[in-house]
Number of protein chains: 2
Amino acid sequence: MLVNINTHRRPIDGHLAALAGERVLCSEYRYHKGTEIFGEGEEAEYVYQIVTGAVRTHKLLADGRRQINAFHLPCDMFGFENGSNHRFTAEAIVETDVRIMRRGSVIEATESRTGGIRSLLRLVTQNLKHAEDHMLLLGRKTAPERVATFLVEMDARLGHPRLMTLPMSRRDIADYLGLTLETVSRALSRLRDQNLIRFEGTTQRRIELLRREQLAELGP
Amino acid sequence: MLVNINTHRRPIDGHLAALAGERVLCSEYRYHKGTEIFGEGEEAEYVYQIVTGAVRTHKLLADGRRQINAFHLPCDMFGFENGSNHRFTAEAIVETDVRIMRRGSVIEATESRTGGIRSLLRLVTQNLKHAEDHMLLLGRKTAPERVATFLVEMDARLGHPRLMTLPMSRRDIADYLGLTLETVSRALSRLRDQNLIRFEGTTQRRIELLRREQLAELGP
DNA sequence: CGGTCTTTTGAACGGGGTCAACTTGCGTGG
DNA sequence: CCACGCAAGTTGACCCCGTTCAAAAGACCG
């Protein structure tokens with residue numbers, strides 16, 4: 001489900017601002033939990049930036065096996081790294097507000113801006129760097145290492161909060177790390193038993209990292 | 001080992017031509033088998049294009065586990081997808097001639113060329129697409145599927161020759177596919193026993209694909 | 001030839017997957 | 001408010017695919 005909030009010209013944040021200045025028309029849309037933002041193979045007309053919420057992008061094999069490429073959090077841009085068609089599917093994990101602009105207008109704005117090309121390249125290469133790091137994880141790390149790496153990554157991207165609330169399920173984490181949800185659950189329980197993390201309250205998605213250095217060492 | 005062949009202005013091939021026209025100064029170097037072209041963390045000053053030979057790029061974990069991101073073949077460009085520092089190591093697999101140009105001059109040439117930005121972006125997003133496909137392989141495919149996918153990929157990139165000569169060892173293939181060399185060897189032997197591939201002559205690196213469609217189905 | 005590196009093949013092990021049971025959280029409606 | 005249904009998460013038991021360890025057979029080069 002998709003709700004158009006508004007269309008406007010106004011200051012924009014982070015990468016988008018660095019790229020295009022404040023001259024590009026954009027709109028805000030709201031996607032409800034679990035809904036698709038775009039599908040694999042669809043035409044890639046827009047660029048997306050998350051305002052609030054979280055998005056996952058994934059690929060599927062014919063028999064349903066799923067690999068999540070990345071999770072996107074507020075201020076992150078996604079959907080840009082495409083030629084003409086999307087190479088994966090993007091879905092809202094939770095209630096999510098997304099800012100949308102035309103791909104073409106971003107490129108045009110970039111052309112007329114000094115350093116614009118480098119900003120644009122940096123944006124794509126950030127995704128590439130993430131993919132390369134993730135290939136190392138998927139190809140060569142053990143299950144406990146993957147889970148520790150995941151926690152450290154999320155901690156950093158959420159700004160090292162005392163208590164982090166993961167927007168994604170165990171299954172999502174598993175499909176991101178190339179594991180099964182049971183293995184993820186066991187690894188987290190193990191970290192809890194070792195007093196490296198703590199589950200806050202009743203829900204299993206609120207996690208406090210008790211020893212960040214040791215967690216970082218576990219995910220080499 | 002590195003040998004400077006020459007420095008010249010002359011027509012250049014493929015991506016490089018699309019990017020920069022024929023106006024950019026470039027040099028050719030020869031790297032001997034097994035030598036490093038650049039290392040992880042080094043400053044990324046140059047862009048590389050293979051003339052003849054083959055290159056592998058990899059990352060290492062502290063304990064020596066290795067993940068090969070990609071193999072590069074003649075006409076391929078690499079080393080570009082960097083901000084200021086290289087995020088991985090590049091090594092010649094066999095005797096390799098490489099064309100080298102300054103990163104900065106490529107960007108400048110791009111800026112003054114219509115459609116240059118899109119060409120540049122396409123170059124980087126090609127790498128990104130490959131990385132995304134490879135994450136799906138590393139995260140979700142079985143060993144036989146990975147090996148079949150590898151053969152089909154190499155066959156396509158070598159232009160579907162009747163007989164393909166792989167430049168890389170079983171260990172390289174294994175580190176690319178997130179497996180051990182023994183598993184790769186066993187999977188290839190299995191394919192040979194099923195009459196899907198055939199080893200030509202004495203060396204195990206010359207392979208003929210006997211049934212391309214069936215191989216493609218094996219790597220979904 | 002001998003020496004070294006690559007590749008294959010076999011045997012045994014174990015990490016993570018599979019299958020299943022159970023618990024818990026969280027609506028939704030009576 | 002509780003009863004019910006369902007999705008999410010945990011935990012245990014078993015098993016299998018791919019790793020590990022080991023040996024031997026090429027391939028290549030002096």
Side-chain angles (χ1 to χ4, degrees), chain A residues 32-34 56 61 63-67 93-95 137-151 165-194 197-207 218, chain B residues 32-34 56 61 63-67 93-95 137-151 165-194 197-207 218:
Chain A
H32 297 309
K33 179 175 174 174
R56 64 176 177 244
L61 290 174
D63 62 3
R65 281 174 283 175
R66 183 177 71 154
Q67 178 62 43
I93 302 178
V94 294
E95 204 73 6
L137 177 146
L138 293 171
R140 288 298 176 221
K141 291 191 184 179
T142 66
E145 289 170 349
R146 294 179 199 207
V147 172
T149 302
F150 170 76
L151 290 174
T165 303
L166 298 177
M168 70 288 287
S169 69
R170 296 290 188 261
R171 168 166 295 281
D172 286 340
I173 298 172
D175 286 349
Y176 178 60
L177 298 178
L179 301 170
T180 61
L181 65 91
E182 292 94 331
T183 299
V184 171
S185 178
R186 275 185 255 268
L188 288 171
S189 298
R190 189 96 208 291
L191 292 174
R192 178 201 57 203
D193 296 345
Q194 295 171 317
I197 65 174
R198 192 173 63 79
F199 295 123
E200 168 81 20
T202 167
T203 167
Q204 256 62 358
R205 298 196 189 181
R206 240 173 270 164
I207 298 180
L218 283 185
Chain B
H32 296 308
K33 179 176 174 174
R56 63 174 177 243
L61 290 175
D63 60 4
R65 281 174 284 176
R66 182 177 72 152
Q67 178 62 42
I93 302 178
V94 294
E95 204 72 6
L137 178 146
L138 293 171
R140 287 297 176 222
K141 290 190 185 180
T142 66
E145 289 170 348
R146 294 180 199 204
V147 173
T149 302
F150 170 76
L151 289 174
T165 303
L166 298 177
M168 70 289 285
S169 68
R170 298 290 188 261
R171 169 166 294 281
D172 285 341
I173 299 172
D175 285 348
Y176 177 61
L177 298 179
L179 300 169
T180 61
L181 66 92
E182 293 93 332
T183 299
V184 171
S185 178
R186 274 185 256 268
L188 288 172
S189 298
R190 190 94 208 293
L191 292 174
R192 179 201 55 201
D193 296 345
Q194 296 172 315
I197 65 174
R198 191 174 64 80
F199 295 121
E200 168 82 19
T202 169
T203 167
Q204 257 64 359
R205 298 195 187 181
R206 239 174 270 164
I207 298 180
L218 282 185

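Lettering of chains follows the sequences in order, A, B, ..., and the numbering in each one begins at 1. Model, not experiment: these values are computed from the prediction.
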Considering heavy-atom distances to DNA chain C, does A:Thr202 or B:Arg140 have its closest nucleotide positioned more toward the 5' end? B:Arg140
Kindly determine whether B:Leu151 and B:Leu218 satisfy side-chain contact (heavy atoms from CB on, under 4.5 Å), including the steps that lead there. CA-CA 11 Å; B:Leu151 289 174; B:Leu218 282 185; over 6 Å; no
Checking B:Thr183 against B:Leu177 for the side-chain contact (heavy atoms from CB on, under 4.5 Å) test, could you report, in this order, the C-alpha distance in whole Å, the side-chain angles of both residues, the deciding distance, and whether it holds? CA-CA 10 Å; B:Thr183 299; B:Leu177 298 179; over 6 Å; no
Have a look at [X] and say if it touches a base, only the backbone sugar-phosphate, or nothing, with a 4.0 Å heavy-atom cut-off.
{"X": "A:Thr203", "result": "nothing"}
{"X": "B:Gly178", "result": "sugar-phosphate"}
{"X": "A:Gly34", "result": "nothing"}

Under 4.0 Å from any heavy atom of chain B: name the first and the last nucleotide of DNA chain D that qualifies, 5' to 3'. D:dG18 to D:dC28
If you apply the rule side-chain contact (heavy atoms from CB on, under 4.5 Å), what do you find for B:Gln194 with B:Arg190, and how did you get there? CA-CA 6 Å; B:Gln194 296 172 315; B:Arg190 190 94 208 293; 3.8 Å; yes
Kindly give the heavy-atom pair with the smallest separation between A:Gly139 and B:Leu138, and that separation in Å. CA-CD2, 4.1 Å
Measure from CZ on B:Arg65 to P on C:dG15 and round the result to the nearest Å. 13 Å
Between A:Arg66 and A:Asp172, is there a salt bridge with N-O shorter than 4.0 Å? yes
Please write out the pairs of protein N or O atoms and N or O atoms of nucleotides 4-8 of chain C separated by less than 3.5 Å, giving the distance to one decimal.
from  : atom 1 : to       : atom 2 : distance (Å)
C:dT7 : OP1    : B:Arg205 : NE     : 2.8
C:dT7 : OP1    : B:Arg205 : NH2    : 3.3
C:dT7 : OP2    : B:Arg170 : N      : 3.0
C:dT8 : OP1    : B:Arg170 : NH2    : 3.1
C:dT8 : OP2    : B:Arg170 : NE     : 2.9
C:dT8 : OP2    : B:Ser185 : OG     : 2.5
C:dT8 : O5'    : B:Ser185 : OG     : 3.0

Partners passing side-chain hydrogen bond (donor to acceptor under 3.5 Å, both in side chains) against B:Arg140 (at least two apart in sequence or in another chain): A:Asp175
With distance as the sole test, does A:Arg170 use its side chain to make a donor-acceptor pair with the main-chain N or O of A:Glu182 at under 3.5 Å? no
Any donor-acceptor pair under 3.5 Å from A:Arg146 side chain to A:Lys141 backbone: yes
